[in-house]
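Within every chain, numbering begins at 1; the chains are lettered A, B, ... in the order of the sequence lines, protein sequences first and strands thereafter. No hydrogens, no waters, no symmetry mates; every other heavy atom, side chains included, goes into these values.
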Amino acid sequence: MTQKSSVRQLFGFMTDVARWSLSGGIGYQLFLCLLVVFMMLGVFAYLVQWKLGLTVTHMSDIVSWGFYIANFTFLVGVAAAAVMLILPSYIFKDEHFHHVVIIGEVVAVGALIMSMTFVFVDLGRPLQGWHILPIIGLFNWPSSLLTWDILVLNVYLVLNLSIPAYILYCHYNQREPDPRKYRPFVFISIFWAFGIHLITAFLYEGLPARPFWNNPLMGPRFLASAFAAGPALITVLLAIIHNATTFKIPKQTFNKLRLIIVISAIINLIMLFSEVFKEFYFPTHHSLSAEYLYFGLDGHNSLVPWIWTAVSINIVGTLLLAFNPGKNRPMVLLPACVLLFIGIWIEKGIGLIVPGLVPSPLGEVVSYAPSWVEISIALGVLALGMFVVTILLKPALIIEQRFETNNETV
Amino acid sequence: MGFLKNKSCRQQITDEHRSCQDAGRRAFLKKAVKAAAIGSTAVVAGCQAPGLLGSKEEMALQFQEYFKAHYRLMTEKERDATIIRLERLAKLQKGVDVQISSKGALPGVLYGYGFNVTRCEGYMECVSACVRENNLDRKSNTQYIRIFEMEPGQMAPNAGNGKFFNEVPVDGRFYMGAQCNHCDNAPCIKACPTKATYREPDGIVVVDYDWCIGCRYCMAACPYYGRRFNWNEPVVPANEITRKQHYLGNRQRRRGQMEKCTFCVQRTREGRLPACAEACPTGARIFGNLLDPNSEIRFVLENKKVFRWKEELGTDPKFWYFID
């Protein structure tokens, strides 16, 4: 192949991808427009925050991290969960997962973009962001866990963009990708997936100032809850794709995903139980945060309904998925996944960040609920993530489908 | 002040000599920077009416400020240049003449602080002196120092009542202050992703405000609630601004920056007491050089029953509580 033709091939690939991502039926167009509207809402709210400072949030010197960082933490888990598809499909050559692995990778990209955007909107001085870059700024590595997190998240993003891009490019040109070229990176990305979430846990775990976070179970528990919430989201997404597009997903994929979710959710609940036991069997001064979260402290009980909702729907979702009363019918399976996803989002987002900061080191107790700016920006970031997933997934599925039908006819 | 007395004349002379040199060089640089600012203004603005020149000059100065390095990595020349820009900006924006010092740590000095739990009666003079001295935001009522009213049996500020509005002192109660502990093994320094917060050679934990990106990880890491964030643009009435400032101390902060107690670096490096220690009407606040065996703080450490807050965290604070 000459240099020139390969350049032309790449160009054709890019234009086709762009064309496929933006063209579609009226429903598809409307959906994209809706996402853009929400993104604009987020941009507007961010401009307000830009103009007036973070004072427009409900954060304070006591609750110094709020809704943004809560969502960041949760979404890193969703990104890491792609490994639950990558591992079986590339390493164990599971055909049912191999068929959908690209969807998992795209979800990881979307989740990563959302989580990094959440960190960015949380910055007090985003314009000075270059101060953190290596070489031109000062990168406090390896001392600061935040620099570790920046490092691992960006590398994971590159891995999850480049591996599928290479495979799709080969499929686009109707040829098998060369495993020698991508398999090493798949191995790295598997380790990296565990790494991003462990390091995000270490961000909190490494702070002796905050007894609620300074807990060695944090890392493993992050992984377990991520491997429940992530595949739950992917299950729902697969069901949507199965119903809304011509890309059909085999039943066995759903069954295997259900098993992954059930096992992770049960491990997560066991660890949750272990944490609750430690906090309440013999309550110490360090248990005040947990008391604040589960029962309220000094009349501040805004988190109490949230955490009990989270725990209940966590348990209900896990039981539904474990005992499978609907015999794999989507009518039962999908709501159970949604329940589990929301439960983990509450518990690992607001339910983790805010109690870590309350009571303050001076013993002060306050309530926190996100302001309209925080909620609008979060909606905007969510729309951004969904937009990214949609426009990446659409061409990816077209290419995969063409490749599969071509291979079948040959 | 023990360490002041001990400071040799020779040291003082060289200091004065240096500051004379500094002044000369700064005056020269001042003109140069002004010329440069006007020059870049011309580039930015073309030929504008002279009335607009003020705000354009401000823009040009801020543009130059944006690209400056971390304070620790600046050369002497760069430090002088940024200080001239900052002084000029204060003049343009607030109409106030401020003097910003870049005086480094004195050799052979490690600062330590003692808080006399027996003496403190909760008048909170320290708090207001600190607010005035350090140009703290009046809008959000930022305070570096918190005073707690304690019941007998309590021995850590977080157990006490931080919101007392009664007349003090109350019989049977005592008072404890809390502020940055200037830890030798500071969790905030470890956490900061950009090294914007760091420990000066005299032990003061400072923030390079202009290098801070406002991520607030240090705030989560601090076990003493020693850090304050500028959620809004800080407001200090022009006539209340303390004009003798330090780059690492009480100079004007901006929205989105972290700040904290600096042991009043602008005062203490000139041999004065921190504002809180000077303002305390009961003499409950002791400050001095830990390396000077004749200093008051050393006397306290050697002769009083001292303790530190959250000793179990291994942060090694340089802030001791003690009982008479």
| message | Just so I understand: if I count every heavy-atom pair under 4.5 Å between each of A:L146, A:D61, A:L127, A:L207 and chain B, which residue has the most? | response | A:D61
| remark: B:Y175 meets the ring pair (Phe, Tyr, Trp, His ring centres under 6.0 Å) criterion, sequence neighbours left out, with B:F164
| For B:Y224, is it the side chain, the backbone, both, or neither that has a heavy atom closer than 4.5 Å to a heavy atom of chain A? | backbone
| In terms of heavy-atom proximity below 4.5 Å to chain A, should B:F148 be classed as side chain, backbone, both, or neither? | side chain
| note | Residue from A:I69, A:L357, A:I62 scoring the most non-hydrogen pairs under 4.5 Å with chain B is A:I62
| query | When rounded to the nearest 0.5 angstrom, what is the spacing between NE2 in A:H131 and CG in B:D210? | reply | 8.0 Å
| Can you tell which of B:R146, B:E312, B:H70 has the highest number of heavy-atom pairs within less than 4.5 Å of chain A? | B:R146
| query | Counting heavy atoms not belonging to B:K94, are there more than 12 under 6.0 Å from its NZ? | reply | yes
| field | chain A interface, residue from B:A196, B:G162, B:P193 that has the most non-hydrogen pairs under 4.5 Å | value | B:P193
| request: Locate the shortest heavy-atom distance separating A:Q128 from B:I213; write the atom from each residue and the value. | output: O-CG2, 3.2 Å
| note | Whatever's closer than 4.5 Å to a heavy atom in chain A on B:A178 counts as side chain
| query | Under 6.0 Å from the OH atom of A:Y281, do we count more than 12 heavy atoms belonging to anything else shown? | reply | no
| query | Would you find more than 12 non-hydrogen atoms of other residues, nucleotides or ligands less than 6.0 Å from B:K310 atom NZ? | reply | yes
| query | Side chain, backbone, both or neither: which part of B:L313 has an atom under 4.5 Å from a heavy atom of chain A? | reply | side chain
| Side chain, backbone, both or neither: which part of A:W148 has a non-hydrogen atom closer than 4.5 Å to chain B? | neither
| By ring pair (Phe, Tyr, Trp, His ring centres under 6.0 Å) - contacts of A:F44 (at least two apart) | none
| request: Would you give the length of the straight line joining atom CE of B:M219 to atom OG of A:S60, rounded to the nearest 0.5 angstrom? | output: 8.0 Å
| task | Side chain from CB out, backbone as N, CA, C, O: work out which of these in B:Q257 comes under 4.5 Å of a heavy atom of chain A, or both, or neither. | result | both
| Does the B:R216 side chain pair with the main chain of A:W65, one donor and one acceptor, at a distance under 3.5 Å? | no
| Can you tell me if B:R255 uses its side chain to pair, donor with acceptor, with the backbone of A:T55 under 3.5 Å? | no
| task | Indicate the ring-plane relationship of A:W130 and B:W211, choosing parallel, tilted or perpendicular according to the 30° and 60° boundaries. | result | perpendicular
| query | Any sub-3.5 Å donor-acceptor pair from B:Y217's side-chain atoms to A:L203's backbone N or O? | reply | yes
| query | Side chain, backbone, both or neither: which part of A:L362 has a heavy atom under 4.5 Å from chain B? | reply | both
| request: Indicate yes or no: at least one non-hydrogen side-chain atom of B:R227 is less than 4.5 angstrom from one of A:S64. | output: no
| query | Mind checking whether A:P359 and B:N158 have side chains closer than 4.5 Å, heavy atoms only? | reply | no
| query | Of all of A:T147, A:T57, A:I132, which one pairs up most often with chain B through heavy atoms under 4.5 Å apart? | reply | A:I132
| remark: Pair count under 4.5 Å, heavy atoms only, with chain A: among B:A159, B:C212, B:G226, highest is B:C212
| Quick one: what part of B:L73 sits under 4.5 Å from any heavy atom of chain A, side chain, backbone, both or neither? | side chain
| request: Answer yes or no: does atom OH of B:Y66 have more than 12 heavy-atom neighbours from other residues, nucleotides or ligands under 6.0 Å? | output: yes
| note | Highest number of heavy-atom pairs under 4.5 Å with chain A among B:C222, B:G314, B:P157, B:P187 belongs to B:C222
| note | Under 4.5 Å to a heavy atom of chain B? For A:L133 that would be neither
| field | Interatomic spacing from CZ in B:F229 to CE in A:M59 - rounded to 0.5 Å | value | 8.0 Å
| Neighbour count above 12 (heavy atom, 6.0 Å) for B:W320 CH2 | yes
| Of the backbone (N, CA, C, O) and the side chain (C-beta and beyond), which part of B:C215 lies under 4.5 Å from a heavy atom of chain A, both, or neither? | both
| Any idea which of A:G124, A:A209, A:P361 has the most non-hydrogen atom pairs under 4.5 angstrom with chain B? | A:P361
